[in-house]
Amino acid sequence: MAIKHFLQLNDLTGDELNHIFERTRWIKEQFKSYQQYWPLTDRTLVMIFEKASTRTRLSFEAGMQQLGGSAIYLNTRDSQLGRGEPVEDAAQVISRMSDIVMIRTFEQEIIERFAANSRVPVINGLTNEYHPCQILADIYTFIEHRGPIKGKTVAWIGDSNNVCNTWLQAAEVFDFNVHVSTPPGYEVEPERANLYGTDHYEEFEDPMEAARDADLVTTDVWTSMGFEAENEERRRDFQDWQVDVDMMRIAGKDSLFMHCLPAHRGEEVAADVIDGPQSVVWDEAENRLHVQKALMEYLLLGKVLDQQY
Ligand code: CP
Ligand code: NVA
């Protein structure tokens, strides 16, 4: 099988992503019923972090161990990556000693250069531009709670960041709509989001209108990692882009709330919403584990049938 990377959500087809969701369901059931499932015995995952993480590190490391393999953590501070070793050289070496690599870094270009020099699959664990593993978990969580996402409306409130860009890509793959509302000056950049057209998203000046009748309302921090210098300015600019109880009321009682976490209560989301009855953020976080296990299984073994291993 040719090497497949997962650098952007649309690196995989809708058919492949749906297969991963089917496998996620099965793998999650095994995990919940304490059934051992070790298809990746003797396989090694290397995780490279150039930015902080709780969920991504934990879910990949635990996930790889639960599949019978092992995981090694590298960060910029303690490796030669932080001392100027070219990313191409690092990719050659790391991919000769491991079976799969996950990277969290700054520009998308860095992960693309790594993948171009890698002998093994590379997974994007977040870049400035995209966060595809997060959206896999988010869509899986939506499906668990509400069924197929095709034709539904997702409201994105706040910064048009890496998570937003990936929602927009997912909307094209799975044929749903995204209503985006950002403060002026923070609008979607279609080229950066690598979008083919505007058929699947609509921009709204008023966040309340973006949220109206949405099946899912979602948001993220006002300042993403790597943009800390803009923190004060963003705090002022994003004041009116908080998901609060009034916004969830406009969305409707069946609307779900998601947040990739970590969250800042009182900034992008009111405590009453994230801790309220429409919030599914803990399921969403847990599902990072299950979808990424299915993703690693797919990238390493191809389409696996139940009980094959
Ligand atoms: N949502 C997410 O990626 O969380 P971490 O930054 O904790 O990995
Ligand atoms: N947009 C956020 C997501 C963190 C998981 C960031 O990039 O910091």
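Read the numbers this way: they start at 1 and go in the same order the structure lists the ligands and their atoms.
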- Message: Would you call the rings of Phe204 and His179 parallel, tilted or perpendicular, taking 30° and 60° as the class edges?
- Response: tilted
- Item | Proximal atoms of ligand 2 relative to Asn161 (non-hydrogen, under 4.0 Å) | 1 (N)
- Message: With respect to Ser224, determine whether any N or O atom, backbone or side chain, lies less than 3.5 Å from an N or O atom of ligand 2.
- Response: yes
- Query: Are side-chain heavy atoms of Asp89 and Gln92 found at a separation under 4.5 Å?
  - Reply: no
- Message: Ring centres under 6.0 Å, that's the criterion: do His290 and Tyr140 meet it?
- Response: no
- Message: Check the orientation of Trp26 and Tyr37. Use parallel for under 30°, tilted for 30 to 60°, and perpendicular for over 60°.
- Response: perpendicular
- Query: Mind checking whether Cys133 and Leu295 have side chains closer than 4.5 Å, heavy atoms only?
  - Reply: yes
- Task: Please confirm whether Arg104 comes within less than 3.5 Å of ligand 2 when only nitrogen or oxygen atoms on both sides are compared.
- Result: no
- Query: Centroid-to-centroid, Tyr298 to Phe6, below 6.0 Å?
  - Reply: no
- Message: Taking 4.0 angstrom as the limit and counting only heavy atoms of Leu261, give me the atoms of ligand 2 inside it, by number and element.
- Response: 5 (C)
- Query: How far is atom 3 (C) of ligand 2 from its nearest protein heavy atom, and which residue and atom name does that atom have?
  - Reply: Asp220 OD2, 3.5 Å
- Do Asp15 and Lys303 sit within salt-bridge range, that is, some charged N less than 4.0 Å from a carboxylate O? yes
- From Ile143 atom CD1 to Asn18 atom CG, the distance as rounded to the nearest 0.5 Å: 7.0 Å
- Note on the structure: Close residues (non-hydrogen atom under 4.0 angstrom from ligand 1) work out to Ser53, Thr54, Arg55, Thr56, Arg104, His131, Gln134, Cys260, Leu261, Arg288
- Within the structure, does Met225 bring an N/O atom to less than 3.5 angstrom of an N/O atom in ligand 2? yes
- Task: Only one of Phe227, Phe238, Trp156 passes ring pair (Phe, Tyr, Trp, His ring centres under 6.0 Å) with Tyr186; say which it is.
- Result: Phe238
- The closest protein heavy-atom partner of atom 7 (O) of ligand 2 is Asn162 ND2, 2.8 Å
- Query: Is Arg57 close enough and on-axis enough to Phe49, meaning under 6.0 Å and within 45°, for cation-pi?
  - Reply: no
- Note on the structure: for atom 4 (C) of ligand 2, nearest protein heavy atom and its distance come out as Leu126 CD1, 3.8 Å
- Asn128 near ligand 2 by a heavy-atom separation under 4.0 Å: no
